Amino acid sequence: MMTPGNLSGQGDRRVALVTGGARGIGLEIVRRLLADGYQVAFVATRAEHVERALESLSCPEDRLYAEAIDVTRQNEVERFIDRVQARWGDIATLVNNAGISPKRADQDAPWLSQMSLEEWARVIDVNLKGPFILIRLLAPEMIAKGYGRIINIGSLAGRAMPLIAGPHYATSKAGLVGLTRAAARDLAPNGITVNCIAPGRILSDLTGPPEAVVNRSALSRIPVGRFGTAEEVAHVVAFLASPLAGFITGATIDITGGEFAA
Ligand SMILES: NC(=O)c1ccc[n+]([C@@H]2O[C@H](COP(=O)([O-])OP(=O)(O)OC[C@H]3O[C@@H](n4cnc5c(N)ncnc54)[C@H](O)[C@@H]3O)[C@@H](O)[C@H]2O)c1
């Protein structure tokens, strides 16, 4: 019987693409999928972060490939996918992890009314249009193969009252839950599962240090009494990517330490 960590028998299902893989949660997802035997391609915005991640992973080129590209630019994404396919063949696992969450200096100031349309559009573009572009580009080859795993990284902020994140972020992540369900329904007959993971407060560059005021107050709302780790998110990705999760699709899995303030 196949277990996560053992891809023997997976044949041409070994290639995974992770967006936002250069740091934080994405980097741990890349690390975990490599440990599980995948060939992993990842993208992130900044070339120096990509280089640093490649150095820290120190993995041979036939297992790991990465570039600095922007997931909102379809042409760049398309060319990246072409290069990955030329190296390794079809991509069977997609993890849409890249995301941004602009913050205000003053947490108590009104936000919706003051937000520029440009800021709104950028967050929706990265967090929602990006995953849509990736799914659209990769679904045809998954359909042809009759197998695929798509995992979208949403957020508690898209599932409950957003206490820290902005309205654009909460909207984009709520939209990702809808995109997950719509794609799951579309692709289910083709052996492709599409799921969403909704992390609560996970310490990363995006959330800042634990001693930050915003994190200290967030901690008081987490029933298990600690922040989550990127590794804990990566475990769930690894499970959803594995053949063991074949009957789970259209689902959103909360990883929040019990926090769910509806
Ligand atoms: N950290 C948390 O507490 C938390 C909670 C809920 C959800 N999330 C979600 O998890 C995901 C990862 O978060 P993180 O904390 O690791 O963030 P992070 O800021 O540490 O990393 C984000 C990564 O996404 C990449 N990225 C951003 N915009 C991109 C673009 N346009 N094109 C390509 N790559 C891009 C960055 O280069 C970076 O590598 C995000 O989608 C975030 O919304 C995080």
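Owing to the predicted nature of the structure, the values given are computational and were not obtained by experimental measurement. As the structure lists them, so they are numbered: ligands from 1, and atoms in each ligand from 1.
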message = Give the residues near ligand 1 by chain and number, with the criterion being a heavy-atom distance under 4.0 Å.
response = Gly20, Ala22, Arg23, Gly24, Ile25, Ala44, Thr45, Ile69, Asp70, Val71, Asn97, Ala98, Gly99, Ile100, Arg122, Val126, Ile153, Gly154, Ser155, Tyr169, Lys173, Pro199, Gly200, Arg201, Ile202, Ser204, Asp205, Leu206, Thr207
message = I want to check something: taking the side chain as every heavy atom from C-beta on, are Ile192 and Arg149 in contact at a cut-off of under 4.5 Å?
response = no
task = May I ask you to check whether Ser101 and Lys103 show a side-chain donor-acceptor distance below 3.5 Å?
result = yes
task = Flag the pair Glu231 and Arg31 as a salt bridge only when some basic side-chain nitrogen lies within less than 4.0 angstrom of an acidic carboxylate oxygen.
result = no
key: Check against salt bridge (charged side-chain N to carboxylate O under 4.0 Å, His left out), Arg122 and Asp70   = CA-CA 12 Å; Arg122 182 64 189 158; Asp70 184 333; 3.1 Å; yes
message = Any carboxylate oxygen within less than 4.0 angstrom of a Lys/Arg side-chain nitrogen, looking at Arg226 and Glu232?
response = yes
ask   = Can you say whether the rings of Tyr65 and Trp88 are parallel (under 30°), tilted (30 to 60°) or perpendicular (over 60°)?
value = perpendicular
